[in-house]
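Residue numbers start from 1 in every chain, and the chains themselves are labelled A, B, ... in the order their sequence lines are given, proteins ahead of strands.
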Amino acid sequence: MNHWLVKTEPNDWSWADHCKAPKRTTCWDGVRNAQAQLNLKAMAKGDKVFIYHTGKEKQIVGLATVTKTFYPDPTEETGRMGMVDLRAEKAVPSPVTLAQVKADKRFADFLLVRNSRLSVMPVGTKHWAVLCKMAGAAS
DNA sequence: GCCAACGTTGGC
DNA sequence: GCCAACGTTGGC
């Protein structure tokens with residue numbers, strides 16, 4: 001199983017919105033970056049995903065699961081962009097902030113730090129385990 | 001196919 | 001609100 005992190009601007013679509021969605025599931029649309037799209041395509045059903053809030057919060061707030069793999073976004077004109085479905089599992093007991101991550105040497109090569117503009121990224125096994133621990137969540 | 005100009009994202 | 005980083009666009 002692979003692990004991922006996706007970003008969202010809470011004023012636009014927040015973790016709370018996700019939890020209120022039918023079956024706590026939503027299509028993760030709107031990703032328009034090539035590298036992020038490749039990461040979406042690489043997701044498998046059952047993969048675990050951290051949900052990260054950008055903007056004022058800048059912290060990992062919840063855990064989600066991929067329930068549907070990559071499929072085309074019918075509303076997107078070129079037909080090339082797609083999305084996956086994510087189900088909100090549970091909020092993490094203690095959100096992990098970007099400041100915490102940046103302050104930890106173990107995350108020096110983490111994409112969240114290295115490429116702040118990437119909105120969908122893989123999370124290595126070790127990073128995942130550390131982040132789960134920091135968040136007080138079971139890995 | 002290169003690269004300058006422009007737009008967007010997201011941290012500060 | 002600013003600006004650095006990065007992607008994309010369009011003229012050549």
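Not one N or O on the side chain of A:D73 forms a donor-acceptor pair closer than 3.5 Å with the backbone of A:M83.
For the pair A:K7 NZ and C:dA5 C1', the interatomic distance rounds to 12 Å; values are reported in whole Å. Atom P of nucleotide B:dG10 and atom CZ of A:R117 are separated by 7 Å, given to the nearest angstrom. Rounded to whole angstrom, the span from the NZ atom of A:K58 across to the C1' atom of B:dC12 amounts to 7 Å. A straight line from NE2 of A:H53 to P of B:dT9 spans 17 Å, rounded to a whole angstrom. If you measure from atom CZ of A:R32 to atom P of B:dT9, you get 11 Å, rounded to the nearest angstrom. Following rounding to the nearest Å, A:L98 (CG) and B:dT9 (P) show an atom-to-atom distance of 18 Å. The interatomic distance linking A:Q59 (CD) with B:dG10 (P) rounds to 16 Å, in whole Å. For the pair A:N115 CG and C:dA4 C1', the computed distance is 12 Å after rounding to whole Å.
Residues A:Q35 and A:N33 bring no donor and acceptor atom of their side chains to less than 3.5 Å of each other.
For A:N33, the listed nucleotide lying nearest its side chain is C:dG7; candidates were C:dC6, B:dG11, C:dG7. Relative to the side chain of A:K102, the nucleotides B:dG11, B:dG10, B:dT8 differ in distance, and B:dG11 lies closest.
Between atom NZ of residue A:K102 and atom CZ of residue A:F107 there is a gap of 14.0 Å, rounded to the nearest 0.5 Å.
Ring pair A:W13/A:H18 is tilted by interplanar angle, where 30° to 60° counts as tilted.
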